[in-house]
2 protein chains.
Amino acid sequence: MRRLADRLGSGVMSLYWHIDTKEDVFDLALDAVLKYRGFSQTGELGEWRAEVVHMLEDWRVCMLRHPWSASLLPSRALGANMLRRLELLGSSLSRAGVADADLNVAIWSLWNHVLGATVTRASFDLSDEDKAAAQQRLTHLSERYPTIERSRLLLENDWDGTFRKGLDFLLDGLTPKL
Amino acid sequence: MRRLADRLGSGVMSLYWHIDTKEDVFDLALDAVLKYRGFSQTGELGEWRAEVVHMLEDWRVCMLRHPWSASLLPSRALGANMLRRLELLGSSLSRAGVADADLNVAIWSLWNHVLGATVTRASFDLSDEDKAAAQQRLTHLSERYPTIERSRLLLENDWDGTFRKGLDFLLDGLTPKL
DNA sequence: ACCTGAACACCGTTCAAGT
DNA sequence: ACCTGAACACCGTTCAAGT
């Protein structure tokens with residue numbers, strides 16, 4: 001708050017005219033990050049999968065632009081932009097043929113993938129120094145964690161590709177339901 | 001820290017003999033939550049899917065037992081128990097036939113599902129009062145969020161089932177790679 | 001080796017007051 | 001309608017000192 005007021009060149013307590021509490025600032029900041037500047041309805045049938053992938057990739061990119069947003073997510077109310085994105089995702093899936101009974105699972109699973117990938121990336125995208133240290137530590141422990149060692153789980157860097165491929169798995173699993 | 005010291009019946013500064021910083025306490029707390037009391041290697045072939053499902057459900061349950069653990073996850077180093085779980089998951093998948101090239105994607109996708117589901121659940125598992133309020137708000141906005149309204153996305157309560165079904169989608173998508 | 005209290009620099013917020 | 005500074009209750013941590 002004090003920092004924020006400084007940045008704005010105002011007195012600290014002036015902030016409290018506009019918002020009630022620090023939590024409110026976080027809610028607003030998170031929702032600002034999630035603002036969606038994409039099509040709101042394309043409706044091109046047959047293209048639902050590309051449409052969904054595009055939406056979710058954009059979602060992830062928005063959050064990665066401000067890495068703090070991932071750490072804000074837990075225990076925060078859903079703002080208007082978040083609702084808008086969920087609605088858009090849901091309507092795409094629905095028009096693609098997902099039955100109403102499966103809609104919740106589909107929406108949450110896809111959102112969870114975005115959320116999880118964002119948090120994971122923000123936590124484990126190591127700097128080069130950290131990577132060297134991790135390498136060191138893992139080599140040292142390679143007999144305890146052979147699979148991690150072999151797959152270079154923490155050193156592998158293609159987060160975009162991992163996200164995209166994982167998303168494909170999910171959508172592949174979802175598709176037979178259509 | 002002061003609260004923790006009180007709880008332990010010690011002076012505040014005594015804590016600092018055992019740990020360096022508040023962050024360290026969080027790291028330790030998170031890793032304690034993730035302690036795994038399951039089989040370490042079953043190796044029963046053909047049962048890999050049940051094995052993976054069991055591991056991931058346990059993972060999720062552990063984290064839900066202490067809802068604060070979800071909010072600790074972002075920007076935290078991976079402790080020994082986390083590494084152990086990742087290793088175990090990876091080796092199950094590997095023995096099930098997942099190629100080394102796909103191992104990272106598979107591990108991260110499944111972990112992301114657990115993580116995302118945990119955070120989502122911790123954020124959106126509304127109390128009954130909140131649910132009434134949300135209902136109110138959504139009904140009011142139902143023309144803007146028709147799909148959310150129709151699927152009762154925020155009122156639907158079967159988080160366990162949603163987690164499990166989403167996991168099935170993921171594993172279904174993964175299986176053809178075997 | 002382990003514990004301690006006083007002190008410091010910080011923080012969010014209440015309150016009563018200003019324009 | 002909007003801004004403000006003084007004050008309060010809290011917090012993590014340094015330091016120098018105790019056993």
Side-chain angles (χ1 to χ4, degrees), chain A residues 1-35 62-63 65-82 115 118-119 122-127 129-130 133-134 137 140, chain B residues 1-35 62-63 65-82 115 118-119 122-127 129-130 133-134 137 140:
Chain A
M1 287 294 118
R2 288 161 197 269
R3 219 107 39 94
L4 176 57
D6 263 15
R7 188 83 93 88
L8 296 174
S10 77
V12 197
M13 293 320 296
S14 313
L15 302 175
Y16 285 83
W17 176 260
H18 305 276
I19 46 98
D20 279 344
T21 183
K22 197 177 70 153
E23 276 329 81
D24 288 1
V25 179
F26 287 152
D27 284 346
L28 291 168
L30 179 60
D31 209 50
V33 166
L34 288 178
K35 179 149 194 165
C62 282
M63 302 210 50
R65 227 181 331 245
H66 308 278
W68 44 263
S69 63
S71 58
L72 282 190
L73 263 175
S75 69
R76 203 145 305 276
L78 11 66
N81 285 322
M82 171 86 176
L115 165 49
T118 307
V119 171
S123 306
F124 299 135
D125 193 13
L126 308 170
S127 67
E129 323 153 27
D130 290 347
R137 205 154 55 101
H140 188 252
Chain B
M1 286 297 117
R2 289 163 195 268
R3 219 109 37 96
L4 177 57
D6 262 16
R7 188 84 93 87
L8 296 175
S10 77
V12 196
M13 293 318 297
S14 313
L15 302 176
Y16 285 83
W17 175 260
H18 305 275
I19 46 99
D20 278 345
T21 184
K22 197 177 69 152
E23 279 326 84
D24 288 0
V25 180
F26 287 153
D27 284 347
L28 291 168
L30 179 59
D31 209 50
V33 167
L34 289 178
K35 179 149 195 164
C62 283
M63 303 209 52
R65 227 180 333 246
H66 308 278
W68 44 262
S69 63
S71 58
L72 282 189
L73 262 174
S75 68
R76 202 146 305 276
L78 9 66
N81 286 321
M82 171 86 177
L115 165 50
T118 308
V119 171
S123 305
F124 299 135
D125 194 11
L126 308 172
S127 68
E129 323 151 29
D130 291 348
R137 205 153 55 102
H140 187 252

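Remember, it's a predicted structure, so these values are computed and weren't measured experimentally. Each chain gets a letter, A, B and so on, in the order its sequence line appears, and its residues count up from 1.
Side-chain proximity of A:Lys22 to the nucleotides D:dC11, C:dT13, D:dT13 is greatest for C:dT13. Minimum atom distance to the side chain of B:His18 is reached by C:dC3, of the listed C:dC3, C:dT13, D:dG12. Of the candidates C:dG12, D:dA1, D:dG12, D:dA1 carries the atom nearest the A:Trp17 side chain, counting heavy atoms from C-beta on. You'll find that the side chain of A:Thr21 is closest to C:dT13, out of C:dT13, D:dC2, D:dT13. Nearest to the side-chain atoms of A:Ser10 among the listed nucleotides D:dT4, C:dT4, C:dT13 stands D:dT4.
Here B:Ser14 reaches the OP1 or OP2 of C:dT4: one of its side-chain N or O atoms lies under 4.0 Å away. Not one side-chain nitrogen or oxygen of A:Arg2 sits closer than 4.0 Å to the OP1 or OP2 atom of C:dC10. The phosphate of D:dC11 has OP1 or OP2 within less than 4.0 Å of a side-chain N or O from B:Arg3.
Pairing for C:dC2 goes to D:dG18, judged as Watson-Crick or G-U wobble with the two contacts each under 3.5 Å. Figure legend. D:dT13 is base-paired to C:dA7; pairs are counted as Watson-Crick or G-U wobble with both atom distances under 3.5 Å.
B:Asp20 places its CG atom 11 Å from the C1' atom of D:dT13, with the value rounded to the nearest Å. Note: CG (B:Asp6) to C1' (D:dG12) measures 15 Å, nearest angstrom. Between the CE atom of B:Met1 and the P atom of C:dT4 there is a distance of 16 Å, given to the nearest Å. Atom CD1 in B:Ile19 sits about 10 Å away from atom P in D:dT14, given to the nearest Å. Going from atom CG of A:Leu4 over to atom P of C:dT13 covers 12 Å, rounded to whole Å.
When the P atom is compared between D:dA17 and C:dC2, the two are found 22 Å apart, to the nearest whole Å.
A heavy-atom distance below 4.5 Å is found between the side chains of A:Met1 and A:Val25. Between B:Asp24 and B:Thr21, some side-chain heavy-atom pair lies under the 4.5 Å cut-off. A:Val119 places none of its side-chain heavy atoms less than 4.5 Å from the side chain of A:Leu73. The shortest distance between side-chain heavy atoms of B:Arg76 and B:Asp27 falls below 4.5 Å.
Here the closest heavy-atom approach between residue B:Ser14 and residue B:Ser10 is recorded as CB-OG, 4.2 Å.
The residue A:Met13 sits close to a base: some heavy atom pair falls under 4.0 Å.
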